[in-house]
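Along the sequence shown, residues are numbered consecutively beginning with 1.
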Amino acid sequence: MTSRLQANRRRSELVSGLLSAIDRAELRPGDQIPSLTSLAKQYELSKPTVLATLQPLLDDGTLESVPSVGIFVAELHDRQPGCYVMVYQPRQPGEPAMAPLPTAAHGFEDRMAWHGGKSVVLGVQDFLRQQSQASLPTVHGVFAFAGVRLDEVLATLEPATRLVAYLGGRIPPGDPVDDRVSFVDLDNVSGGRLAAEQLLRGGHESIAFLGLHTPDNPYFRWSRMRARGWAEAVRRRRPRATLLCIRPEPAEGVGPEHYERALAEVARNAADRLDEFDACIGADDMVLIMLARELRRRGVPRDDWPAMVGFEGLSDAADLIVTSVRPRWADLGASAADHLIMTPGDRRHPARVSEVAMTVVARPLVLPGRT
């Protein structure tokens, strides 16, 4: 049986051994240290004890942990002059506020601080102006959030400076703008799957998907991906179930200008077919808000409304939905920071397109007459 004195001695040997390997450059910045299992076996300690022993080295920045990957010798980013920048397209007068922006920015800044890098969040025009005036420190990398033109940003960057962009459910380019560009996005398929699974667990027999996508409009690819997750979950639980996906008719042109028309059309179609489903998933919360308006206009009693599951958790939908499948915007920002900090040749470097999972937030609302 190991005594406390022996355990403390082994813990000291573990720390001194790692620090010595770093000092001798046997372990260099960016190298992964042996796994907790290997260190536990080597020093005859438990894995929790090994992790507790390494914690001071993680806290002081000597080591850094990458979730689900391992522990690495930290890069010395804090010794480099310059910064990492998140840029976004400011909203125009009359446009709704971009609710995810502050949360994604916090995730980006928090992860960048954890890596030891300096960060700043700027509107894209402000960023372009400061770059043209050379008033920013050296920019090591840029995270382009929604609505930013990548070519404009790339034109201001040094040849080796990387850029990561939020895809927003769009199709990633077959050929990247250049090899410095990578992408982060939400895992919309798993989001649709989570939404359907919540309703299936609640005993709902007929679950419709209220989508915005049409074959000719790639702007709504995120709706198509959420519908794919819904279909997979329903088919897995009930292989013979009829899949009811209510969508708008195809229209000329593509892009966000068709959003309002699509919302209204889907809401009308869903209200017309209300007797065909007892629960529904909205491609986004606005679909459900528009459906609720249409049902009220038609005088449909609340007891006859379907159970609804949405995504964004908009306040206007709070009294409609039984569950929100919420995007983890902070994780999206953190993933963007990881792309910029880690070099493409690094084993930890994310794939060219990294997808961030969503999470289920159950609501206390129970519609009368529904289970």
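Listed for the Trp305 side chain is a donor-acceptor partner under 3.5 Å among the backbone atoms of Val300. Put simply, the side chain of Arg10 never gets that close to the backbone of Leu45: no donor and acceptor are under 3.5 Å apart. At distances below 3.5 Å, not a single donor-acceptor pair connects side-chain atoms of Thr138 with backbone N or O atoms of Gly82. Between the Thr53 side chain and the Thr49 main chain, a donor and an acceptor come within less than 3.5 Å of each other. Judged purely by atom type and a 3.5 angstrom limit, Thr161 has no side-chain atom pairing as donor or acceptor with the backbone of Leu157. Looking only at distances, a side-chain donor or acceptor of Gln131 sits under 3.5 Å from a matching main-chain atom of Thr156. Side-chain atoms of Trp230 do not come within 3.5 Å of backbone N or O of Met225 as any donor-acceptor pair. Formation of a donor-acceptor pair under 3.5 Å by the Asp278 side chain with backbone atoms of His204 is not found in this model. With Glu294 contributing its side chain and Val266 its backbone, the two residues share no donor-acceptor pair below 3.5 Å.
Ion pair Asp272/Arg298 flagged as a salt bridge, since at least one NZ, NE, NH1 or NH2 atom sits closer than 4.0 Å to an Asp/Glu carboxylate oxygen. Taking a cutoff of 4.0 Å between a charged side-chain nitrogen and a carboxylate oxygen, Glu276 and Arg273 qualify as a salt bridge.
The closest side-chain heavy-atom distance from Leu18 to Leu54 is below 4.5 Å. A 4.5 Å side-chain heavy-atom check between Asp338 and Ile341 finds every atom pair outside the cut-off.
Legend: residues meeting side-chain contact (heavy atoms from CB on, under 4.5 Å) with Leu194, ordered by chain and number and at least two apart, are Glu197, Val325, Val360. Partners of Glu312 by salt bridge (Lys or Arg N to Asp or Glu O under 4.0 Å), not counting sequence neighbours, listed by chain and number: Arg226. Every residue meeting the side-chain contact (heavy atoms from CB on, under 4.5 Å) condition with Glu265, not counting sequence neighbours, appears here in chain and number order: Pro248, Glu249, Arg261, Arg268, Asn269. With sequence neighbours excluded, the residues forming a salt bridge (Lys or Arg N to Asp or Glu O under 4.0 Å) with Asp126 are Arg129, listed by chain and number. The side-chain hydrogen bond (donor to acceptor under 3.5 Å, both in side chains) test applied to Arg228 returns Glu232, not counting sequence neighbours. Under the rule for a side-chain hydrogen bond (donor to acceptor under 3.5 Å, both in side chains), the partners of Glu26 that lie at least two apart in sequence or sit in another chain are Arg24.
Residue Arg247 holds its CZ atom at 7.5 Å from CZ of Arg224, rounded to the nearest 0.5 Å. Between Ser324 atom OG and Asp285 atom CG the span is 6.0 Å, to the nearest 0.5 Å.
Of all non-hydrogen atoms in Val121 and Ala105, the two that sit nearest each other are CG2-CB, 4.0 Å.
The hydrophobic clustering, which links ILVMFWY residues whose side-chain heavy atoms are closer than 4.5 Å, places Leu340 and Tyr88 together.
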